[in-house]
Amino acid sequence: MNNKPESMQGIANYNITGIREDGLAEPVHLEIPGGVIKYTCENHPRITYINEQMKKILRIPGNRNGELDYLELYKDDIFLMVPMEKRRRLARCLKHVHSAEVPAVGEMELLCCDGTKAYVFGWITKSVNEQGIEEFQSVCVDVTKKYQAKKENETKRYLRALMDVYDKIFAYNLKTSTVKCLYSNHSPMFQWLENVSMQMEHATEKWIAGSVVSEDREKVRLFFRDFFQQKLSPSDNKPPQIAYKSHSSNGDIKLYQGIFLKMDESVSLYCCRSMPDAAKADALRDENAFLKENMQELAMHYTDGIAAFMVEGAYVTPLYASDNVCGFFGFTKEEWLPLMERRTPIREFVEGSDFDYEKFVKILESGEAEFTYYDVKTETKRRIKAICSQKSSDDLSPRYIMLYHLDDKKTEADRNPLHVPTVSIRTFGYFDVFVGEKAVAFRNKKAKELFALLVDRRGGYISSEEAISFLWEDEPVNPVTLSRYRKVALRLKNTLEEYGISDVMETVDGKRRIVTENVQCDLYDYLTGREEYAQTFKGSYLNNYSWGENTLAELTGEILY
């Protein structure tokens, strides 16, 4: 930013009117709500003034006899309040502010005296004090709670997506040497331990000895031992994973697939799911391909349908993008589709776009970035944010970048909490669903067919096995079709949430039903027998699907009667 708002100018150029006994500048006004700090323009800047709010942000304790004086340490070198990996970036920022005489504005991560981290938003300016000496001035506001809440929400969304795929999820924290069960899928063996921190190595060994079959125990022990010692590295660009046999909660021996997904430098999620031996060849396919496919679903649902990319070293593979974003990156839809099937050098990928190479690299370095693009659909400029799934210098581990809007594109339901979307369903003729006057665009044909099946059941629950017998009439129920069905159900769930109508479907223990009281449906209206609906049925029902003939026969029989 080249200019600051007027209100910021008054705080950043805080006037010095006196000198304290210790030689530090003493400002007149002490009521400023933000942290204020002034420091010299040296290679290792020294603090000349710090207000009480800044001390609170940094959690600087009062000085006691015989104890380390943290304030004096910070005064001697301002870089001590910044994490080691961020100091070079701060030094470059100060150099730019000093030479270009342009203020820097943004968020920064600070290292507090108690070892915790704080997140602040503010700016850095260069000025001249009353002695005619150049100095830096910074004013910042503590946004730690807001930052933590945002990270917590992002983690929850990620976990919800993983819960649709894995049976159990455990969080391993190498910094605290603890493990916590985050999700057990109602397993009696683990449910009582959910969100209870346990000693990492002891709890893992107890589980291995008590559940894993004897012939696989040593293999599993070595896998987790390498993880504890941070020797477990990705193989062939895939997250570390293992297959083993273990006793399920009901005593049966099942084949399990486990995988470690790194969340940050300290925490990794161990996710596992069971799979029958007969499906081993198909089900133990590349977990990275699974993540790629589901990332497309997450991009379409969670990120407002903007874009998602997988980054491997110096290469990028686009996973999904809406039409207007293809143009933003300088590609047509026809040119974009082949890119999704191969890796492209990052520099080559961005060279024809408004998204410069340095900006893309910044996302990988910092984990996030913001920029503006022109939205063709709305014919407006929109501000979007890019989030990298993992900040890591390991070029072997694939990372995922998702983009989402910052301008809070609210739905009618968001603007008016009392407004409930009107969901109307047409079954007479071809099957379609409408939210208000807008038709629901199902991206997956089988997801739409599954919803039609739930409508046909008129509020009754349908199991996975029953649904498969309708959706894939010529295929038996087996691990392959069960896996396929779970993906279809996930896509249906995402579509309903996208349109703000998730309350029309209910799921209990893997069985699904339509909540009839939350929809308006021509079939349900007709079956009430009320006179005003008597002429709505014209002899056709769910023309899209052959299995609808059974209900059609019932309806026709009622007419003949």
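Residue indices begin at 1 and follow the sequence shown.
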Side chain to side chain, [X] and [Y], heavy atoms closer than 4.5 Å:
X    : Y    : answer
L482 : S464 : yes
Y541 : E554 : no
T422 : F434 : no
Y244 : C272 : yes
E449 : N544 : no
D167 : K254 : no
L523 : L555 : yes
R484 : L471 : no

Return yes when atom [atom1] of [X] has more than 12 non-hydrogen atoms of other residues, nucleotides or ligands closer than 6.0 Å, and no otherwise.
X    : atom1 : value
E517 : CD    : yes
Q535 : CD    : no
D252 : CG    : yes

Between [X] and [Y], which heavy-atom pair has the shortest distance, and what is it?
X    : Y    : result
R512 : L454 : O-CD2, 3.6 Å
Y526 : A534 : CE1-O, 3.7 Å
M505 : L492 : SD-CD2, 3.6 Å
T481 : P476 : OG1-O, 3.1 Å
E473 : S546 : OE1-OG, 3.5 Å
D503 : V515 : O-CG2, 3.5 Å

Would you say the side-chain atoms of [X] pair up with the backbone N or O of [Y], donor to acceptor, closer than 3.5 Å?
X    : Y    : result
S483 : V480 : no
T144 : Y119 : yes
S246 : S211 : yes
N444 : R491 : no

Between V519 and V455, is the side chain to side chain contact (heavy atoms under 4.5 Å, CB included) condition met? List the steps.
CA-CA 10 Å; V519 302; V455 173; over 6 Å; no
Non-neighbouring partners of R457 that pass side chain to side chain contact (heavy atoms under 4.5 Å, CB included), sequence neighbours left out
I462, E466, F470
Using the side chain to side chain contact (heavy atoms under 4.5 Å, CB included) criterion, which residues pair with Y315? Sequence neighbours excluded.
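R343, P345.
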Assess whether a salt bridge exists between [X] and [Y], defined as any Lys/Arg side-chain N lying under 4.0 Å from an Asp/Glu carboxylate O.
X    : Y    : answer
D432 : R426 : yes
E498 : R443 : yes
R342 : E348 : no

If I take atom [atom1] from residue [X] and atom [atom2] from residue [Y], how far apart are they, to the nearest 0.5 angstrom?
X    : Y    : atom1 : atom2 : answer
Y183 : L159 : OH    : CG    : 11.0 Å
K168 : L269 : NZ    : CG    : 15.5 Å
Y499 : F442 : OH    : CZ    : 8.5 Å
L450 : I468 : CG    : CD1   : 10.5 Å
H247 : I253 : NE2   : CD1   : 4.5 Å
S469 : Y485 : OG    : OH    : 10.5 Å

Could you check whether the rings of Y172 and F260 sit parallel, tilted or perpendicular, using 30° and 60° as the cut-offs?
perpendicular
I would like to know whether E506 and Y461 meet side-chain hydrogen bond (donor to acceptor under 3.5 Å, both in side chains); could you show each step before the answer?
CA-CA 9 Å; E506 183 179 48; Y461 283 101; 2.7 Å; yes
Among all residues two or more places apart in sequence or in another chain, which pass the salt bridge (Lys or Arg N to Asp or Glu O under 4.0 Å) test with K511?
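With sequence neighbours excluded, K511 shows a salt bridge (Lys or Arg N to Asp or Glu O under 4.0 Å) to no residue whatsoever.
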Apply the side chain to side chain contact (heavy atoms under 4.5 Å, CB included) test between F537 and each candidate in D525, T427, L552; give the one that qualifies.
L552
Have a look at F431 and tell me which of L453, L542, D456 forms a side chain to side chain contact (heavy atoms under 4.5 Å, CB included) with it.
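Checked L453, L542, D456 against F431; only one passes side chain to side chain contact (heavy atoms under 4.5 Å, CB included): L542.
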Stepwise side chain to side chain contact (heavy atoms under 4.5 Å, CB included) test for L261 and L162
CA-CA 10 Å; L261 302 175; L162 293 177; 3.9 Å; yes
